[in-house]
Amino acid sequence: EYQVIPECAAIKIPTVNPKYVCLLISGLGVSTGLEVVGELKPTDTVFVTGATGGAGQIAVQYAKAIGCHVIGTYSDNEKEYLQGLGCDRPIDYKNENVGDVLSSEYKNGVDVIFECIGGPLLVQGVNNLAMNGRVVLFGTMS
């Protein structure tokens with residue numbers, strides 16, 4: 001089975017390789033979550049949990065490409081990597097209190113939460129959600 005699509009909708013890959021299939025699937029899930037559920041706008045502040053994970057790192061780059069301010073959680077010396085993806089405020093969730101960082105640095109709250117972890121990080125994010133904020137539940141690792 002096949003489908004014909006406009007050239008502008010096609011994604012060029014460097015070589016024929018199965019490793020690109022997972023990027024298409026994750027990227028499609030992230031873009032749908034952020035655009036449809038998250039109703040993402042360039043003025044939004046976006047909080048991504050698990051920001052260095054498979055979907056999380058795509059969400060960071062996607063939100064940043066739209067023009068958003070991006071906050072992301074990480075661990076294990078991944079701060080520079082996360083900043084390289086475009087994350088404006090990396091939070092080391094093992095050594096910083098995520099709830100305290102969000103409430104002190106983002107007084108108006110976060111507009112969109114892209115949630116990949118669940119548990120306490122989800123609670124801390126929701127406790128700092130802006131008025132009319134949106135939550136995209138993408139996974140629950142904890």
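No experiment lies behind these values; they were computed from the predicted model shown.
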### Audit row: Val37, Glu39, side-chain contact (heavy atoms from CB on, under 4.5 Å) steps and yes/no
CA-CA 6 Å; Val37 178; Glu39 300 174 355; over 6 Å; no
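Annotation: side-chain hydrogen bond (donor to acceptor under 3.5 Å, both in side chains) contacts of Asp100 (sequence neighbours excluded): none. Judged as a side chain to side chain contact (heavy atoms under 4.5 Å, CB included), and not counting sequence neighbours, the contacts of Val126 are Ile113, Leu122, Val135. The side chain to side chain contact (heavy atoms under 4.5 Å, CB included) test applied to Ser103 returns Asn128, not counting sequence neighbours. For Glu96, the salt bridge (Lys or Arg N to Asp or Glu O under 4.0 Å) partners two or more places apart in sequence, or in a different chain, are Arg89.
Taken to the nearest 0.5 Å, the CD1 atom of Ile58 stands 10.5 Å off from the CG atom of Leu28. Note that the OG1 atom of Thr45 and the CG atom of Leu129 stand 11.5 Å from one another [nearest 0.5 Å]. With rounding to the nearest 0.5 Å, the separation of CG in Leu34 from SG in Cys68 is 8.0 Å. To the nearest 0.5 angstrom, Tyr74 atom OH is 13.0 Å from Leu85 atom CG. The distance from the CG atom of Leu137 to the CD atom of Glu115 is 6.5 Å, given to the nearest 0.5 Å.
Comment: Lys41 does not engage Asp111 in a salt bridge, judged by the lack of any side-chain N to carboxylate O separation of less than 4.0 angstrom.
Of all heavy-atom pairs between Pro42 and Ile66, the closest is CB-O, 3.4 Å. Minimum heavy-atom separation, Val60 to Cys87: CG1-N, 3.8 Å. Residues Gly33 and Val136 share a closest heavy-atom pair of O-CG2, 3.3 Å. Taking both residues in full, the closest heavy atoms of Thr73 and Gly50 are given as OG1-N, 2.9 Å, listed atom of the first, atom of the second, then distance.
By the 4.5 Å heavy-atom criterion applied to side chains, Gln83 and Pro90 are counted as neighbours. The closest side-chain heavy-atom distance from Val98 to Val101 is not below 4.5 Å. Side-chain contact between Leu102 and Ile71 is present, with at least one heavy-atom pair separated by less than 4.5 Å. Between Tyr93 and Thr49, every side-chain heavy-atom pair lies at or beyond the 4.5 Å cut-off.
Applying the salt bridge (charged side-chain N to carboxylate O under 4.0 Å, His left out) test to residues at least two apart or on different chains, the pairs with a partner in residues 65-81 are Asp76-Lys94. Applying the ring-ring contact (aromatic ring centres under 6.0 Å, His included) test to every pair with at least one member in residues 109-137, sequence neighbours left out, gives these pairs: Phe114-Phe138.
A donor-acceptor pair shorter than 3.5 Å can be found between the side chains of Gln57 and Tyr81.
Val123 and Phe47 fall into different hydrophobic clusters, defined by Ile, Leu, Val, Met, Phe, Trp and Tyr side-chain heavy atoms under 4.5 Å apart, directly or through other members.
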